[in-house]
Amino acid sequence: MISIVVPVYDEAEVLGAFTERLTKVLADLDDDSEIVFVDDGSTDGSLDVLRSLVAADRRIRVLSFSRNFGHQVAISAGIDAARGDAVVVIDADLQDPPEVIAEMHARWSEGNKVVYGVRTRRDGERPTKKLTARWFYRLLGRLSDTPMTADSGDFRLLDRQVVEALKAMREENRYLRGMVSWVGFTQCGVEYEREPRAAGETKYTWRRMLRFAADGITSFSDRPLRVAVQLGTLVTLTSFLYGGWLVIGKLINPDRSLPGYTSLLVAVLFLGGIQLLTIGILGSYIGRIYTETKRRPLYIVAETIER
Ligand code: UDP
Ligand code: MG
């Protein structure tokens, strides 16, 4: 059996069309299938649409969260609940074409444990988003010790073995695409073109994207901490050299009047800036340690809807 996991947050307008396209694709597969929708605290009536979908098709199940927990957590809940031998994660907004699942399924049958979608084009997204996404994946690739696949989102097929490994990873700050890379196994990519959203708007605001990027970096790299040490060393060494030079100058020429206001101010501002920056880096790691140590459940399911 193959499970399809779909995170849903305010997608009432597209759910009908999405399910129709998806069930067509699933009908052509040789395997049985189930669809697990995770309603991530929608407020636009998505849950009612999902209820009617469950009533119409017994292969559909719905988990409804008690509030919005975020995209990555919604996917995690779906993966926890999935019963299939393979699990496909796909967005509800039809940006990831369901037809690609057939190809992913074929690759899985050949023995691949992870088949991830690689976006060759992203139509209908802001140029700034495309550019920052490109930079971000390359930056993370260089910072992280785990090799990361660039230009692939959460649209991917996971074998049961990978699913069990992921289920054991209960970290609060979740960057799932990195966690899947970390797990290992034979992985391969399937190229596809990302389509514009069928309806509605992106739920990823700039704030959320920044937060997501920071989660990715802090979860998979301690390089920023080491850069902080290197910066500190560099600044200290420079100040020693400069200080020595000033003292020698004073000894050679004690009468030289030194207004020194500019150099003083520049030094103070520069040091202050570096200190704040490194404290900030420390803080972002400590903040994440703090959330991890609480060991709260990742999500709370208010209701499970199935037939
Ligand atoms: N989503 C979610 N919880 C959230 C934000 C988004 O479950 O807090 C879902 C959303 O309904 C969609 C998918 O995650 O199915 C991807 O979100 P979106 O399309 O807004 O992101 P984008 O494709 O713009 O990166
Ligand atoms: Mg989308």
Side-chain angles (χ1 to χ4, degrees), residues 4-22 35-50 53 60-82 87-98 100-101 116-137 140 150-156 172-178 192-213 215-216 298-303:
I4 313 293
V5 165
V6 195
V8 175
Y9 180 46
D10 288 352
E11 306 283 7
E13 290 167 90
V14 290
L15 281 173
F18 168 78
T19 312
E20 204 170 299
R21 246 174 93 180
L22 178 64
I35 308 175
V36 183
F37 285 103
V38 181
D39 172 42
D40 188 9
S42 301
T43 52
D44 72 336
S46 292
L47 191 57
D48 296 328
V49 180
L50 291 173
L53 290 173
I60 299 179
R61 274 194 290 151
V62 175
L63 303 184
S64 171
F65 281 175
S66 58
R67 63 168 172 87
N68 179 257
F69 280 90
H71 183 207
Q72 302 289 298
V73 173
I75 295 175
S76 308
I79 292 177
D80 289 345
V87 177
V88 175
V89 177
I90 184 170
D91 286 353
D93 56 5
L94 287 173
Q95 281 197 286
D96 308 328
V100 179
I101 294 176
Y116 51 87
V118 180
R119 312 182 271 227
T120 52
R121 289 185 59 172
R122 310 178 73 163
D123 288 336
E125 288 194 278
R126 286 164 296 182
T128 42
K129 172 154 182 176
K130 286 195 260 195
L131 195 66
T132 46
R134 216 187 132 76
W135 287 342
F136 169 69
Y137 287 120
L140 184 60
D151 303 321
S152 79
D154 291 308
F155 184 27
R156 48 185 76 212
E172 195 101 358
N173 301 294
R174 299 180 88 72
Y175 182 74
L176 276 170
R177 16 199 117 157
Y192 73 102
E193 293 186 5
R194 197 146 213 248
E195 289 166 19
R197 241 177 186 281
E201 276 176 15
T202 176
K203 310 301 178 305
Y204 270 92
T205 55
W206 281 106
R207 244 180 111 111
R208 277 193 163 201
M209 271 200 291
L210 274 177
R211 167 88 211 180
F212 183 55
D215 274 346
L298 283 177
Y299 51 84
I300 296 170
V301 176
E303 190 184 353

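Along the sequence shown, the residues carry numbers beginning at 1. Read the numbers this way: they start at 1 and go in the same order the structure lists the ligands and their atoms. Since the structure is predicted, the reported quantities are computational estimates derived from the model, not experimental observations. Every heavy atom of this structure was used, including side-chain atoms; hydrogens, water molecules and symmetry mates were not.
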So, Gln72 versus Asp154: side-chain donor-acceptor pair below 3.5 Å or not? yes
Measuring from non-hydrogen atoms of Met209 to any atom of ligand 1, is the shortest distance under 4.0 Å? no
Can you tell me which residue and heavy atom of the protein come closest to atom 14 (O) of ligand 1, and the distance to 0.1 Å? His71 CD2, 3.0 Å
Are any of the N/O atoms in Ala74 less than 3.5 Å from those in ligand 1? no
Mark yes or no for whether Ser42, through its side chain, and Leu47, through its backbone, hold a donor-acceptor pair below 3.5 Å. no
Residue and atom name of the nearest protein heavy atom (relative to atom 21 (O) of ligand 1), distance in Å to one decimal: Tyr204 CD1, 3.3 Å
If you compare all heavy atoms of Ala92 against all heavy atoms of Val8, which two are closest, and at what distance to 0.1 Å? CB-CG2, 4.1 Å
Which of the numbered atoms in ligand 1 are below 4.0 angstrom from a heavy atom of Arg194? 23 (O)
Are Arg194 and Asp96 ion-paired here, with the side-chain N under 4.0 Å from a carboxylate O? yes
Nearest neighbour in protein (non-hydrogen) for atom 1 (N) of ligand 1: Tyr9 CB, 3.7 Å
If you compare Asn68, Thr205, Thr202 by their heavy atoms, the one closest to atom 24 (O) of ligand 1 turns out to be Thr202
Does Arg207 have more than 12 heavy atoms from other residues, nucleotides or ligands lying within 6.0 Å of its CZ? no
Can you list the atoms of ligand 1 that are under 4.0 Å from a heavy atom of Arg208? 4 (C), 5 (C), 8 (O)
How far is atom 23 (O) of ligand 1 from its nearest protein heavy atom, and which residue and atom is that? Gln95 OE1, 2.6 Å
Would you say Arg122 touches ligand 1, if touching means a heavy atom closer than 4.0 Å? no
Round to 10° and report the angle made at the Mg ion (ligand 2) by OD2 of Asp93 and OE1 of Gln95. 100°
Taking the six-membered ring for Trp and the single ring otherwise, decide whether the centroids of Phe212 and His71 are under 6.0 Å apart. no
May I ask you to decide whether Asp151 forms a salt bridge with Arg121, counting only side-chain N to carboxylate O separations under 4.0 Å? no
Only heavy atoms of Ala92, strictly under 4.0 Å: list the atoms of ligand 1 that pass. 15 (O)
Can you tell me which residue and heavy atom of the protein come closest to atom 3 (N) of ligand 1, and the distance to 0.1 Å? Asp40 OD2, 2.6 Å
Best match, Glu11, Arg197, Lys203, Lys129: closest heavy atom to atom 22 (P) of ligand 1: Lys129
Is it the case that Ser76 and Arg174 place a side-chain donor and acceptor less than 3.5 Å from each other? yes
Start with the C-alpha gap between Tyr299 and Asp40, add the side-chain angles, then the distance that decides, and say whether side-chain hydrogen bond (donor to acceptor under 3.5 Å, both in side chains) holds. CA-CA 10 Å; Tyr299 51 84; Asp40 188 9; over 6 Å; no
Taking only heavy atoms of Asp93 into account, list the atoms of ligand 1 that are under 4.0 Å away from them. 19 (O), 23 (O)
Centre of Tyr137's six-membered ring, under 6.0 Å away, within 45 degrees of the axis: is that where NZ or CZ of Arg134 sits? no
Does a side-chain N-to-carboxylate-O contact under 4.0 Å join Arg197 and Glu11? yes
Nearest neighbour in protein (non-hydrogen) for atom 9 (C) of ligand 1: Pro7 O, 3.8 Å
To which of Asp91, Ile90, Asp96, Val6 does the heavy atom nearest atom 13 (C) of ligand 1 belong? Asp91
